[in-house]
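Reading through the structure tokens given below for one structure.
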Amino acid sequence: MDEKSTLIIVLVSVTILLLLVVIVAVLFSVFIKRKNSLLTEQQDAQKRFEQEIAETQIEIREETLRNISWELHDNIGQLLTLAKIQTQNAGSDQSMLDEAAATIGKGLTEIRALSKLINPEALNTLSLTEALELELERFHRMAYLKPTLTVSGSPIAIDKKIEVIIFRVLQEFFTNTIKHSKATTLLVDVSYSDSLLEVIAQDNGVGFNYTEARAKNGIGLTNIESRGKLIGAVIAISSQDGEGTRLRLTYKPQKL
Amino acid sequence: MSYYETLLTIYLSISFICCSIVSSQYHKYKHTPLKLAPAILWLGFVTEFSATLYSNYIEVYNGWIFNGYTFFFYLLLYILVLRYLKNIRFKITTVLLGSAALLFFVYRFFSTGLYNDRFIYANAVLILVFLISCAMYLAELLQRPTQLEFRKHPEFFLLGGYLIFHLIYTPLSVAYDQELRIFSSEFYITLISIQSYILIAMNLLFIYIFIWTRKAHL
């Protein structure tokens, strides 16, 4: 082999090796770029989730304070006022005094029930069904409507943070029912099956036109749907004027 | 030595010394495995310098100096990669392959003529092991669940630079071996030019990388 051809072979080899290195470097940087953007998306999603959790917890607390305020004013306040009138009018009448004592006792029971709501740890220590039971019991006590809770199947393991969001979604629905629907009954059915949670909440109120309400971008509906999306739950709301409202939430915990 | 060769040697030496000084000045890597980098770079400069002196004043053929350098250079380089690897299987593979390659090099060093052998096979084995360990390091970087910011990974460029140079040097070393036997000095100068320019470019890249990269928190 002469000098020229050897030189050509050397140069070609060097060029091919350089090209190979460049190709590997480009491929590597593309992979790294993709990996980095994927990680950024994951971090952003995690951040959004944490933020939503924090907001949800604040909303639950605010809702609780509002409920306490209502209960103090409409329920306990009324009972104490009644007890005050009864004692003022009783004089030395023992039966009237007994009635007043019974009213105060009823007030105390209400205060005990209320203290469960005030406890900030309540939602963290209670399961979803227990929290729902407490919430519905309050509606019954306040005579807002007649609630019914049914639970079927064995509860599945769900992250506490996710349970808080599910509870908040349902709480939002209940608040809307009480405020706007004029419903007299509220049926809540919680069923666990094959690592799937299904909650159906249905009232018999005036209902609303879902398409119109969605078009108006009502904050309540948006919140419910965006939160469902955040945790990967499927939420379906159906309602028609005069036919009540139904919410169906299905959630399948993701296996890590 | 021709005027052109002298000029190339001067440029090369300047790039080597600048790179070594810059690497020694940057203490931002002293807590990382990259603290080995100044040793590797100074070793290169000292070898280049002593090989030039030896060739000019003692004997023309200075290949044995580069062969001795090759052993210590790869030893340091394998240690560097080893310290960056976190996966235990990759570490064990690097240790086994690296030890085998270095032992093979030592065997060749003592079993062939020191003054007329360029250790083509031994060099090829060393570069192959280096290539494999670099590939393992890249695979590990891709597997890590953290974002990779090139600016915080100067080792990526250092290892990449050495990998490029030594991959390119492999066909050159084969040609050098031919040249010693049959070809003219012009051919030799062409090879030397290619090698020198790549080395200068590599050193300039290293200088830039040492200044550009940020302190890494390992």
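Naming convention: chains lettered A, B, ... in sequence-line order (proteins, then strands); numbering from 1 in each chain. Worth knowing before you read on, the calculation uses all heavy atoms, side chains too, and leaves out hydrogens, waters and symmetry mates. What you are looking at is a predicted structure, and each value in this text was computed from that prediction instead of being measured.
For B:F72, the CZ atom sits in a loose shell: 12 or fewer heavy atoms of surrounding residues, nucleotides or ligands are nearer than 6.0 Å. Remark: A:R34 CZ is loosely packed, at most 12 non-hydrogen atoms of other residues, nucleotides or ligands lying under 6.0 Å away. Enclosure of atom CZ in A:F31 is not indicated, since only 12 or fewer non-hydrogen atoms of other residues, nucleotides or ligands lie within 6.0 angstrom. With a 6.0 Å radius and a threshold of 12 heavy atoms from other residues, nucleotides or ligands, A:F139 has its CZ atom above the threshold. Taking a 6.0 Å sphere around CG of A:D194, one finds it holds 12 or fewer heavy atoms contributed by other residues, nucleotides or ligands.
Of the atoms belonging to A:I16, not a single heavy atom falls under 4.5 Å from chain B. At a 4.5 Å heavy-atom cutoff, the contact between A:L17 and chain B is made by side-chain atoms alone. When heavy atoms are compared at a cutoff of 4.5 Å, A:Q43 approaches chain B solely by way of its side chain, counted from C-beta outward. Contact annotation for A:T40: both backbone and side-chain heavy atoms come within less than 4.5 Å of a heavy atom of chain B.
Here A:I32 contributes atom CD1 and B:R144 contributes atom CZ; the two are 10.0 Å apart, rounded to the nearest 0.5 Å. Of the inter-residue distances, the one linking B:Q147 atom CD with A:L39 atom CG reads 5.5 Å to the nearest 0.5 angstrom.
For the options B:L142, B:L163, B:I164, heavy-atom pairs under 4.5 Å to chain A are most numerous at B:L142. For chain A, the option among B:T146, B:I194, B:I198 with the highest count of heavy-atom pairs below 4.5 Å is B:T146.
A distance-only check finds no donor-acceptor pair linking the side chain of A:K35 to the backbone of B:P145 [under 3.5 Å].
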(message) Run B:L148 and A:F28 through side-chain contact (heavy atoms from CB on, under 4.5 Å) and show every step you take.
(response) CA-CA 11 Å; B:L148 182 87; A:F28 183 74; 4.3 Å; yes

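When A:V14, A:V21, A:L20, A:L18 are each tested for a side chain to side chain contact (heavy atoms under 4.5 Å, CB included) with B:L167, only one passes: A:V21.
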